[in-house]
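So that the names make sense, note that chain A is the first sequence line, chain B the second, and so on, each numbered from 1.
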Amino acid sequence: MDTEEIQQAVVQLRPQLVRFARLQLRSDSLAEDVVQEALLAAVEGAARFSGAASLKTWVFSILRNKIIDEFRQQKRQPQNATTNVEDILDGLTEELFTQADHWIEMPATWGDPEAALEQKRFWLIFETCLDALPPTPARVFMMREFLGLETAEICKELAITSSNCWVLLHRARLSLRECLSQRWFVPEKGA
Amino acid sequence: MLSCKEATELASQALDRKLGLGDRLGLRLHLLICSGCRAARDQFSFLRKSVAAYGAHLDGSSPASGRRKD
């Protein structure tokens with residue numbers, strides 16, 4: 001591919017990039033902004049694209065860094081400070097666990113969950129469940145799983161302790177499994 | 001003995017750090033007797049797998065139609 005072809009291919013990735021960014025930033029306009037920046041960086045850097053990774057992987061890695069930058073900037077704005085982690089956490093565990101910290105309703109297995117990955121509708125539910133997470137657990141989960149950061153980096157970026165980080169990840173995972181259980185992996189009723 | 005809440009905390013942390021020996025043993029013991037926490041542990045792992053597969057899904061090529069080489 002010559003530079004111009006690379007640039008054209010980059011621009012064609014835009015819808016996927018916006019969808020990915022929107023899921024993480026939870027804002028259409030912020031998503032448009034970071035994708036714009038990522039596209040510009042990719043187009044400008046097209047000549048440096050080595051072809052070692054796939055083009056898509058390369059562009060997504062640029063986008064990931066832009067999203068991390070955005071998270072960093074948001075942290076600096078005091079109204080978005082990630083504080084009161086305990087407040088956020090109180091709610092969910094009360095819904096799921098008894099006072100003795102045992103399940104109110106025992107989780108059932110999901111059978112063959114891998115099959116879901118091949119179904120389009122599953123991904124809509126998956127996105128819906130991610131969108132339903134409260135902002136702070138969502139952000140930590142995104143940074144950990146989608147952006148692939150280690151918890152130490154997340155703690156540093158968000159200025160929280162590692163134990164808070166683990167608690168937030170636990171909360172995010174519990175909420176997601178609860179949401180997917182209710183909306184996708186519904187126990188079969190003779191169907 | 002760990003409570004279910006504690007066991008799921010450890011199961012979640014196991015995805016993010018290497019658990020100490022005591023935690024590993026405690027978790028293993030709890031999982032042996034608790035099917036609910038076993039299901040939750042498996043589902044936590046599945047979430048990670050889903051995120052990894054989400055990228056491929058964004059391609060528009062479902063794993064079913066365009067099976068990649070394993």
Side-chain angles (χ1 to χ4, degrees), chain A residues 13 15-17 19-20 23 54 56-57 60 93 96-98 100-110 113-120 122-123 126-127 129-130 140-142 144-148 150-152 154 162-163 165-174 176-178 180-181 185, chain B:
Chain A
L13 288 170
Q16 298 176 39
L17 295 166
R19 192 163 173 191
F20 182 81
L23 193 62
S54 83
K56 187 182 158 196
T57 305
F60 266 88
T93 43
L96 296 179
F97 296 103
T98 64
D101 287 346
H102 291 283
W103 294 105
I104 291 171
E105 195 181 337
M106 279 279 241
T109 73
W110 285 347
E114 316 257 324
L117 302 178
E118 304 190 358
Q119 298 189 43
K120 248 197 181 135
F122 170 75
W123 293 111
F126 186 69
E127 287 178 353
C129 288
L130 283 167
V140 174
F141 183 80
M142 292 298 183
R144 178 78 187 105
E145 302 293 347
F146 282 83
L147 304 176
E150 294 296 332
T151 45
I154 300 171
S162 28
S163 69
C165 198
W166 288 321
V167 168
L168 286 164
L169 284 167
H170 177 234
R171 201 243 140 108
R173 289 178 178 129
L174 280 177
L176 286 171
R177 71 147 297 283
E178 185 65 20
L180 289 174
S181 288
F185 297 104
Chain B
M1 195 66 190
L2 296 174
S3 69
C4 293
K5 189 174 154 192
E6 289 164 336
T8 58
E9 278 165 11
L10 289 178
S12 171
Q13 283 177 33
L15 295 171
D16 306 311
R17 69 178 177 106
K18 191 160 168 39
L19 297 181
L21 184 64
D23 284 344
R24 278 213 305 280
L25 289 176
L27 177 61
R28 191 179 296 174
L29 213 62
H30 182 99
L31 292 179
L32 274 174
I33 57 160
C34 180
S35 66
C37 287
R38 277 202 302 278
R41 186 263 324 257
D42 293 345
Q43 289 157 8
F44 289 170
S45 304
F46 174 73
L47 289 173
R48 176 159 291 175
K49 218 174 273 177
S50 308
V51 173
Y54 181 77
H57 148 76
L58 276 178
D59 257 343
S61 63
S62 80
S65 58
R67 227 170 250 294
R68 289 158 300 165
K69 54 179 191 291
D70 292 309

Max heavy-atom pair count under 4.5 Å with chain B, selected residue of [options]:
| options | value |
| --- | --- |
| Glu178(A), Met106(A), Arg177(A) | Arg177(A) |
| Trp110(A), Phe60(A), Phe141(A), Phe20(A) | Trp110(A) |
| Glu127(A), Glu150(A), Gln119(A) | Glu127(A) |

Give the ring-plane orientation class for Phe44(B) versus His170(A), where under 30° counts as parallel, over 60° as perpendicular and anything between as tilted. perpendicular

Over 60° means perpendicular and under 30° means parallel, so classify the ring planes of Phe146(A) and Phe126(A), tilted if in between. tilted

For the residue pair Arg144(A) and Leu15(B), what are the closest heavy atoms and their distance? NH2-O, 3.1 Å

Select one option (side chain, backbone, both, neither) describing which atoms of [X] are under 4.5 Å from chain B's heavy atoms.
| X | answer |
| --- | --- |
| Thr151(A) | side chain |
| Ala172(A) | neither |
| Leu23(A) | side chain |
| Leu130(A) | neither |

With a 4.5 angstrom heavy-atom cut-off, could you sort out which part of Asp42(B) is near chain A: side chain, backbone, both or neither? neither

Expected output: side-chain Gln13(B) to main-chain Ser163(A) donor-acceptor under 3.5 Å: no

Whether over 12 other heavy atoms sit under 6.0 Å from Glu105(A) CD: no

Contacts of Glu145(A) meeting salt bridge (Lys or Arg N to Asp or Glu O under 4.0 Å) (sequence neighbours excluded), chain-then-number -> Arg173(A), Arg48(B)

